[in-house]
Student: 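Quick one: this structure, given as structure tokens, is what I'll be asking you about.
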Amino acid sequence: MKIKALKGFKDIVPGDVELWQHLEKVARSLFDRFNFAEIRLPILEETELFARSIGETTDIVEKEMYTFVDKKVTMRPEATASLLRAYIEHGLYVQKPVQRLFTIGPMFRHERPQKGRLRQFHQMDVEVLGSESSRVDTELMAMGSMLFKELDLVVSLEINSLGCPACRPGYRQELVRFINDRIDSLCADCKRRSTSNPLRVLDCKVPGCREQMLEAPSILEHLCPGCKTHFHQVQTGLQQLGIEYRLNKFMVRGLDYYCRTTFEFITGDLGAQAAVAAGGRYDGLVETLGGPKNTPGIGFAMGMERFILLMQQKKESEIKKQPVDLFMVGLGEKGTETGFVLAHALRGMQFTVAMDHEGRSLKGQMKQANKAGARYVLIVGDDELAAGKGILRNMKEDGQQEVALVVEKVAEILI
RNA sequence: GUGGGCGUAGCUCAAUUGGUUAGAGCACCUGGUUGUGGCCCAGGAGGCUGGGGGUUCAAGUCCCCUCGCUCACCCCA
């Protein structure tokens with residue numbers, strides 16, 4: 001019986017990994033320009049952390065977490081909870097009142113895999129803690145937007161506001177009334193949602209439900225003055241930065257902690273998965289997790305697998321790996337030995353050097369060099385040893401010259 | 001958890017309505033006269049046809065079970 005990777009767990013093999021590296025490189029550069037600091041977080045946390053932050057009754061907590069029941073620990077299904085835990089644990093709010101942090105890594109949810117959805121998947125997560133400013137909301141969306149642009153991906157931005165504990169309950173009541181008036185024409189799932197999570201009825205995909213909900217009251221018309229102003233400023237900011245967006249009053253969030261601004265970067269190219277990145281504001285969460293009162297927060301997560309799928313869909317998405325500067329060809333015991341030592345020295349001087357250790361013929365080694373995409377080949381055999389000079393062949397230009405078998409001399413030409 | 005589609009070499013796919021030792025391309029290895037890559041040519045290696053059972057003189061092909069992959073629902077990045 002062959003052992004295979006678990007369902008929903010994937011290897012990222014050479015050939016694919018280059019695209020991942022490219023994504024991370026572009027993203028890190030961007031996060032840096034927006035003045036975010038990296039934080040690295042553990043994968044295991046107390047189960048309690050996720051139950052409290054994500055919400056006891058969400059699908060994630062109820063049935064999708066990888067939990068070691070006996071040890072009461074869980075593999076993180078998302079990053080925000082861990083990040084806030086670390087923020088509180090280390091008193092980061094004391095060092096600097098506004099923290100701008102990002103983290104990159106694997107998340108785990110026991111779901112049935114499908115396109116753009118795995119059990120171990122990877123997210124890049126960005127959070128700003130300690131600022132209520134609408135500029136932060138705008139800036140985060142602008143950064144997301146810039147990332148897609150720099151990766152040459154086309155997605156659209158949708159935004160909404162979910163209100164706050166002051167205005168949402170009133171809206172919720174009105175929505176429930178609206179839903180109950182037509183409960184009979186809604187799907188079974190929506191009937192269930194009408195009591196458990198009425199806001200979710202808004203983004204049901206069943207056409208019948210959509211039609212029924214078309215005239216549903218909008219949260220945007222029920223925002224309290226504070227939320228209303230805040231959301232207005234967010235939009236003004238987006239306009240000032242020339243960020244295109246669309247208002248989507250049906251957009252809600254799956255995690256309990258969100259309030260006010262929520263947003264999604266969506267695409268139609270990933271099958272059933274529309275959201276490539278999504279997030280929003282969560283002003284009460286830090287306090288809920290035992291942190292200081294009145295610590296606002298906002299953040300969003302980017303699904304890396306989804307980015308990769310989009311990047312792969314583009315024809316010209318070939319990312320080349322680092323070229324090999326030199327392929328060392330050794331002939332005979334002595335020549336191979338000399339080449340081996342030279343190769344090591346050159347690597348110490350920052351050159352990328354490849355060498356074959358399978359005792360192939362000169363022709364065989366030349367083929368390997370060609371496949372490796374080597375810029376140069378250095379041939380060292382008995383004749384070369386006798387003369388103290390190796391043959392350095394330029395593989396791109398088809399010329400070759402003699403070079404003294406001294407590291408510095410070879411390095412001079414490789415530069 | 002529920003439903004649909006699909007399982008033949010590392011990859012992409014063939015195999016005449018069940019019929020010899022299951023083939024091809026790509027990739028891989030070795031050669032094409034002494035020590036020079038790419039293109040070309042020749043040769044080689046690589047499959048218990050996902051697994052198990054059944055029908056039959058005969059099964060990759062038909063039937064049943066099982067496992068896996070995949071897409072979708074739910075939910076979500």
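Basis for what follows: all heavy atoms, side chains included, without hydrogens, waters or symmetry-related copies. Please read these numbers as outputs of a predicted model, since none were measured by experiment.
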Student: Within 45° of the six-membered ring axis of A:F9 and under 6.0 Å from that ring's centre, is NZ or CZ of A:R119 located there?
Tutor: no
Student: Applying a 4.0 Å non-hydrogen cut-off, can you work out what A:L378 is touching in the nucleic acid: base, sugar-phosphate, or nothing?
Tutor: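 Touches nothing.
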Student: Between B:C28 and B:G51, how far apart are the two C1' atoms, rounded to whole Å?
Tutor: 28 Å
Student: Contact class for A:E384 (heavy atom, under 4.0 Å): base, sugar-phosphate, or nothing?
Tutor: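 If one applies the 4.0 Å heavy-atom cut-off, A:E384 turns out to touch a base.
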Student: Within the 4.0 Å heavy-atom criterion, would you say A:K115 contacts the bases, only the backbone, or no part of the nucleic acid?
Tutor: sugar-phosphate
Student: Using the C1' atom as the point on both nucleotides, what is the distance between B:U16 and B:U61, in whole Å?
Tutor: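 Rounded to whole Å, the distance is 12 Å.
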Student: Between B:G7 and B:C63, how far apart are the P atoms? Round to whole Å, please.
Tutor: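 The answer is 13 Å between these two P atoms.
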Student: Ignoring hydrogens and angles, does a donor from either the side chain of A:R117 or the base of B:C71 sit under 3.5 Å from an acceptor on the other?
Tutor: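 Side chain to base: no pair present.
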Student: Check the phosphate of B:C74 against A:R200, side-chain N and O only, distance under 4.0 Å to OP1 or OP2. Yes or no?
Tutor: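 Indeed not, no polar side-chain atom of A:R200 lies that close.
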Student: List the atom pairs, with distances to 0.1 Å, where a side-chain N or O of residues 171-183 of chain A and a protein N or O form a donor-acceptor pair under 3.5 Å, not counting sequence neighbours.
Tutor:
| residue | atom | partner | partner atom | Å |
| --- | --- | --- | --- | --- |
| A:Y171 | OH | A:P217 | O | 2.9 |
| A:E174 | OE1 | A:H222 | NE2 | 3.0 |
| A:E174 | OE2 | A:H222 | NE2 | 3.3 |
| A:N180 | ND2 | A:V176 | O | 3.3 |
| A:R182 | NE | A:F178 | O | 3.1 |

Student: Please classify the nucleic acid contact of A:D125 as base, sugar-phosphate, or nothing, using heavy-atom distances under 4.0 Å.
Tutor: nothing
Student: With a 4.5 Å cut-off on side-chain heavy atoms, are A:Q400 and A:N394 touching?
Tutor: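 A side-chain contact under 4.5 Å is absent here.
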Student: Between B:A9 and B:A27, how far apart are the two C1' atoms, rounded to whole Å?
Tutor: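 Straight-line distance between the two C1' atoms is 11 Å.
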Student: Write down the distance separating the C1' atoms in B:U66 and B:C6, rounded off to the nearest Å.
Tutor: 16 Å
Student: Would you measure the distance from the P atom in B:A15 across to the matching atom in B:G50 and give it in whole Å?
Tutor: 15 Å
Student: Distance between the P atoms of B:A77 and B:G5, in whole angstroms?
Tutor: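 Going atom to atom, P in each nucleotide, I get 31 Å.
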Student: Classify the ring geometry between A:H357 and A:F340 as parallel (under 30°), tilted (30 to 60°) or perpendicular (over 60°).
Tutor: perpendicular
Student: What does A:K10 touch in the nucleic acid at a heavy-atom separation under 4.0 angstrom: a base, only the sugar-phosphate, or nothing?
Tutor: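 If one applies the 4.0 Å heavy-atom cut-off, A:K10 turns out to touch the sugar-phosphate alone, with no base involved.
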Student: What is the nucleic acid contact for A:K63, judged by heavy atoms within less than 4.0 Å: base, sugar-phosphate only, or nothing?
Tutor: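 It contacts nothing in the nucleic acid.
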Student: Partners of A:Y282 by side chain to side chain donor-acceptor pair (under 3.5 Å), sequence neighbours excluded?
Tutor: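 With sequence neighbours excluded, A:Y282 shows a side chain to side chain donor-acceptor pair (under 3.5 Å) to A:E127, given in chain and number order.
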Student: If the P atom of B:A42 is compared with that of B:G25, how far apart are they to the nearest Å?
Tutor: 10 Å
